[in-house]
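Input: a single structure, listed below in structure tokens.
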Amino acid sequence: MSHLAATNTIGSPFIELQSVDSTNNYARQQIHAACLPDRQGLAQHGMTFFAHEQTKGKGQRGRVWITEPGANIVMSILVKPAPLPISLQFQLSACVAVSVHEFFLKYAGDSTKIKWPNDLYWQDRKAGGILIESVVGSRESVRKDSPTESLRTFGGVSTWDWAIIGIGININQTLFPAYLSNPVSLKQMTGNDFNVLALAEELCGILQRRFDELMATGFENIFNTYNSHLYKVNEKVKLKKESRVFEAVIKAVSPDGKLITHHAIEELFDFGDVEWVI
């Protein structure tokens, strides 16, 4: 791991933004700006951008993440993934998902689960989401929301320069747009109001500890933890692949991030192959 990544911690510096279109966009702009000769060092491992208001938040598959101003955790973190190769990007995705789950479990209890690939669920309702965008060889990957697909290299360069970890978690919001079928917030679960900034900083600490674990001891414990808290494991669910809707039993997630299911036969699905029907 680089000296910079080893000495900088996640959440330091912790930068508050009053309003921004997308924290992931803002973080990516800092990476691009840092490439200019007079602005080197602007982007740092661990740098965290927290938004009180996000006007065009991004979710998976190009969806929009809607959030009430000042009510929720909305932040993006710059991470230097080295020495992880780009072929193991699911390890970072799982590391973040396990960290978010550990944080939320403390307040919401055992009904908290990780919905493949990296959504945060409480019972059958969505409490948060993760979107990791990768920068490879100082240029962006083709599919920024995929934790499992190999990244295309540019000009023979295959270094995984940056990961932009976008995290959105519903904390104090109680009213959601009608078209969202199953959102839930921590306040709705507990009836309590929370200090969103303090929770965001607490989450950064958990992310740092799990990231250190990944780098120091490897993926095994994080991987096992991910699978032990998997949403709907050993249960029959409905999935959709293109126009086909089918039922299958969720068995596990493979070490490279594929969803393992069983219906008539055992079948593995990569990220983006299938959608949940809930």
Next item on the list: Dump the intermediate steps for side-chain contact (heavy atoms from CB on, under 4.5 Å) on Asn25 and Val20, then the final yes or no.
Entry: CA-CA 9 Å; Asn25 284 349; Val20 69; over 6 Å; no
Checklist line | Verdict with supporting geometry, Leu207 and Ile167, side-chain contact (heavy atoms from CB on, under 4.5 Å) | finding: CA-CA 11 Å; Leu207 284 161; Ile167 299 173; 3.9 Å; yes
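Residues Ile250 and Asn234 form no side-chain contact, since every pair of their non-hydrogen atoms from C-beta on lies 4.5 Å or further apart. Residues Phe176 and Asn182 form no side-chain contact, since every pair of their non-hydrogen atoms from C-beta on lies 4.5 Å or further apart. Looking only at side-chain heavy atoms (C-beta outward), Ile31 and Ile164 come within less than 4.5 Å of each other. Within the 4.5 Å cutoff, the side chain of Val196 has heavy atoms near those of the Asn172 side chain. With a 4.5 Å cut-off on side-chain heavy atoms, Ile15 and Met47 count as touching. In this structure, the side chains of Ile130 and Ser93 stay at 4.5 Å or more apart for every pair of heavy atoms.
Between Ile77 atom CD1 and Phe50 atom CZ the span is 11.5 Å, to the nearest 0.5 Å. Taking CD of Gln29 as the reference point, atom CZ of Phe49 lies at 9.5 Å (rounded to 0.5 Å). The CG atom of Asp270 sits 4.5 Å away from atom NZ of Lys258, with the distance rounded to the nearest 0.5 Å. The structure places CD1 of Ile73 at 5.5 Å from CG of Leu203, a figure rounded to the nearest 0.5 Å. To the nearest 0.5 angstrom, Ile132 atom CD1 is 6.0 Å from Asn118 atom CG. Taking NZ of Lys251 as the start and OG1 of Thr261 as the end, the distance is 10.0 Å to the nearest 0.5 Å.
The closest donor-acceptor contact from the side chain of Trp160 to the backbone of Trp162 lies under 3.5 Å. Side-chain atoms of Gln173 come within 3.5 Å of backbone N or O of Leu175 as a donor-acceptor pair. Arg210 places no side-chain N or O within 3.5 Å of a backbone atom of Cys95 that could act as its donor or acceptor partner. Using a distance-only test at 3.5 Å, with no hydrogens or angles considered, no donor-acceptor pair links the side chain of Asn72 to the main chain of Val74.
In this view, Asp124 and Tyr231, Lys232 satisfy the side-chain hydrogen bond (donor to acceptor under 3.5 Å, both in side chains) rule, not counting sequence neighbours.
For the residue pair Ser254/Asp256, the side-chain donor-acceptor check at 3.5 Å is satisfied. In this model, no donor atom of one side chain and acceptor atom of the other lie less than 3.5 Å apart for Gln54 and Asp21.
Annotation for Gln188 and Thr174: closest pair NE2-O, 3.1 Å, computed over non-hydrogen atoms.
Aromatic rings from Tyr121 and His101 are positioned such that their centres are separated by 6.0 Å or more. The aromatic ring centres of Phe246 and Phe269 sit less than 6.0 Å apart. Proximity of the aromatic rings of Tyr226 and Phe90 is defined here by a centroid distance below 6.0 angstrom, and this criterion is met.
Residues Phe104 and Tyr107 are members of one and the same hydrophobic cluster, defined by side-chain heavy-atom contacts under 4.5 angstrom among Ile, Leu, Val, Met, Phe, Trp and Tyr.
Contact check on Glu202 versus Lys106 returns a salt bridge, with a Lys/Arg side-chain nitrogen under 4.0 Å from an Asp/Glu carboxylate oxygen. With respect to Lys187 and Asp193, a salt bridge is recorded, a charged nitrogen being found less than 4.0 Å from a carboxylate O.
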